[in-house]
Protein chains: 2
Amino acid sequence: MLESLYRLVRDVPDFPKPGIQFKDITPILLDHRALGQAVDEIVAPFRQDGITKVVAVEARGFVLGAPAALVLNAGLVLVRKPGKLPAATRRAEYQLEYGSDALEVHVDALGAGDRALIVDDVLATGGTAAATAQLVEESGARIVGLSFLIELTDLGGRARLGPGRTVHAALTYPRRLSCARP
Amino acid sequence: MLESLYRLVRDVPDFPKPGIQFKDITPILLDHRALGQAVDEIVAPFRQDGITKVVAVEARGFVLGAPAALVLNAGLVLVRKPGKLPAATRRAEYQLEYGSDALEVHVDALGAGDRALIVDDVLATGGTAAATAQLVEESGARIVGLSFLIELTDLGGRARLGPGRTVHAALTYPRRLSCARP
């Protein structure tokens with residue numbers, strides 16, 4: 001089943017800079033069956049968890065988070081780069097390789113009764129995911145889990161998110177072997 | 001029916017700059033029924049038109065475009081700011097009030113057989129919509145229509161798109177009166 005999604009992920013060498021091999025998910029989006037399957041794989045472990053808000057991270061996270069929210073009958077919360085959200089926001093800063101960046105969420109987007117699922121396309125070093133988790137917890141909501149289409153397992157993102165997190169990824173690189181035959 | 005969507009659009013004064021009253025759609029997104037209705041309203045006139053690709057404009061367009069593509073059984077094409085798409089792109093520049101900006105699409109995202117629906121959250125002056133239409137037509141695809149959640153009718157966007165376009169907006173400001181009583 002996942003094989004058809006793996007086949008559609010395109011390796012783009014030297015993007016966004018030399019030496020990086022980028023995992024391009026846009027061929028999945030071009031195929032509505034694959035897009036639907038990707039959304040199903042992202043929400044599958046959380047269908048019975050009473051998710052009230054899907055928290056999606058700008059911008060590719062919006063592509064997966066919006067359908068995920070509709071499938072889960074949950075509201076959609078946008079986490080954006082500074083200055084993009086119009087009303088009052090809270091902000092979390094996080095470190096990049098060189099310098100820092102920040103993410104924002106509307107202060108009234110989540111509250112104490114909410115059970116949140118954080119959705120993004122890729123878990124890499126975990127910087128944006130950790131900042132998003134901070135924003136959600138500062139709002140008083142409970143994080144039920146974090147779900148990604150792709151996890152780059154060698155980059156330490158899962159460890160950065162901490163041991164108490166439920167983290168799910170549909171596709172992993174390097175690829176897991178689901179069935180090892182002797 | 002539309003009244004419930006109108007009620008959820010929030011006016012934010014002086015955003016992104018003094019004197020502008022911003023139409024904030026994030027309260028619609030927080031309510032999954034309203035988000036579902038917004039998507040339904042966007043695709044409704046185009047359900048029987050054999051749309052093969054929904055073309056969504058970064059970044060709020062992704063939120064509406066992804067569910068729209070799934071509802072229409074169409075692929076999703078991302079139109080992004082320069083430097084965001086990893087593979088080979090074509091580019092369209094457009095004028096802003098001061099200076100210019102550009103949008104890009106992957107060259108292999110659309111082709112001659114495609115019937116495209118362009119989706120974005122707001123039609124204002126029409127600059128990004130016109131640039132997106134240019135990108136779609138340069139790819140060889142046919143534009144069946146452009147659909148927006150909101151149209152700011154006083155800003156001339158519809159005229160900028162040209163007389164031959166099918167343009168749909170679910171909500172309009174100033175509001176249309178659907179029933180004029182004497």
Side-chain angles (χ1 to χ4, degrees), chain A residues 10-16 20-36 38-40 51-54 56-78 80-81 83-89 105-106 108-111 114, chain B residues 10-16 20-36 38-40 51-54 56-78 80-81 83-89 105-106 108-111 114:
Chain A
R10 171 164 60 178
D11 286 327
V12 180
D14 300 319
F15 184 89
I20 305 268
Q21 182 157 275
F22 187 81
K23 298 293 179 192
D24 177 20
I25 66 164
T26 63
I28 290 177
L29 311 182
L30 290 179
D31 175 337
H32 71 89
R33 287 183 194 85
L35 174 55
V39 172
D40 286 344
I51 302 295
T52 63
K53 296 280 169 61
V54 168
V57 185
E58 181 168 8
R60 279 186 299 267
F62 295 177
V63 172
L64 300 165
L70 289 168
V71 167
L72 292 172
N73 291 331
L76 176 69
V77 175
L78 305 186
R80 302 205 63 177
K81 294 294 175 67
K84 297 284 191 178
L85 288 168
T89 58
V105 70
H106 275 151
D108 58 0
L110 292 143
D114 277 317
Chain B
R10 171 164 61 177
D11 285 328
V12 180
D14 300 321
F15 184 88
I20 305 268
Q21 182 158 272
F22 187 80
K23 298 293 179 193
D24 178 20
I25 67 164
T26 63
I28 290 177
L29 311 182
L30 290 179
D31 176 337
H32 71 88
R33 287 182 195 84
L35 174 55
V39 172
D40 286 344
I51 303 295
T52 62
K53 296 281 170 59
V54 168
V57 185
E58 181 168 8
R60 279 185 300 267
F62 295 177
V63 172
L64 300 164
L70 288 169
V71 168
L72 292 172
N73 291 331
L76 177 68
V77 175
L78 305 186
R80 303 205 63 177
K81 294 292 176 68
K84 297 284 191 178
L85 289 168
T89 58
V105 69
H106 275 151
D108 57 1
L110 291 143
D114 277 317

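We name chains A, B, ... by the order of the sequence lines, and we start the count at 1 in each one. Keep in mind that what you see is a predicted model, and the values were worked out from it rather than measured.
Applying the side chain to side chain donor-acceptor pair (under 3.5 Å) definition to pairs two or more places apart or across chains, those involving residues 59-70 of chain B are B/Arg60-B/Asp121.
Remark: side-chain polar atoms of B/Lys84 are not paired, donor with acceptor, to backbone N or O of A/Ala59 under 3.5 angstrom.
Among the candidates A/Ala87, A/Pro86, A/Pro67, A/Gly75, the residue making the largest number of heavy-atom pairs closer than 4.5 Å to chain B is A/Pro86. Contacts with chain B were tallied for A/Gly65, A/Pro13, A/Ala66, A/Gly83; A/Ala66 has the most, counting heavy-atom pairs under 4.5 Å. Of the listed residues B/Ala56, B/Gly61, B/Ala74, the one with more heavy-atom pairs under 4.5 angstrom with chain A than any other is B/Ala74. Of the listed residues (B/Ile28, B/Leu29, B/Asp31), the one with the most heavy-atom contacts under 4.5 Å to chain A is B/Leu29. Comparing A/Leu64, A/Leu110, A/Asp108 by heavy-atom pairs within less than 4.5 Å of chain B, the highest count is held by A/Asp108.
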*Take B/Arg80 and B/Glu58 through the salt bridge (charged side-chain N to carboxylate O under 4.0 Å, His left out) test and state the conclusion after the steps.*
CA-CA 5 Å; B/Arg80 303 205 63 177; B/Glu58 181 168 8; 3.0 Å; yes

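Proximity to chain A (any heavy atom under 4.5 Å) is shown, for B/Arg33, by neither the backbone nor the side chain. For B/Leu35, the parts lying near chain A are the backbone and the side chain together; criterion is any non-hydrogen pair under 4.5 Å. Residue B/Leu30 touches chain A through both its backbone and its side chain, counting heavy-atom pairs closer than 4.5 Å.
Between B/Phe62 and A/Phe62, a ring centre-to-centre spacing not shorter than 6.0 Å is recorded.
In this view, A/Thr52 and A/Asp114 satisfy the side chain to side chain donor-acceptor pair (under 3.5 Å) rule, not counting sequence neighbours.
Proximity of A/His106 to B/Thr26: side-chain heavy atoms (C-beta onward) are separated by under 4.5 Å at one or more points.
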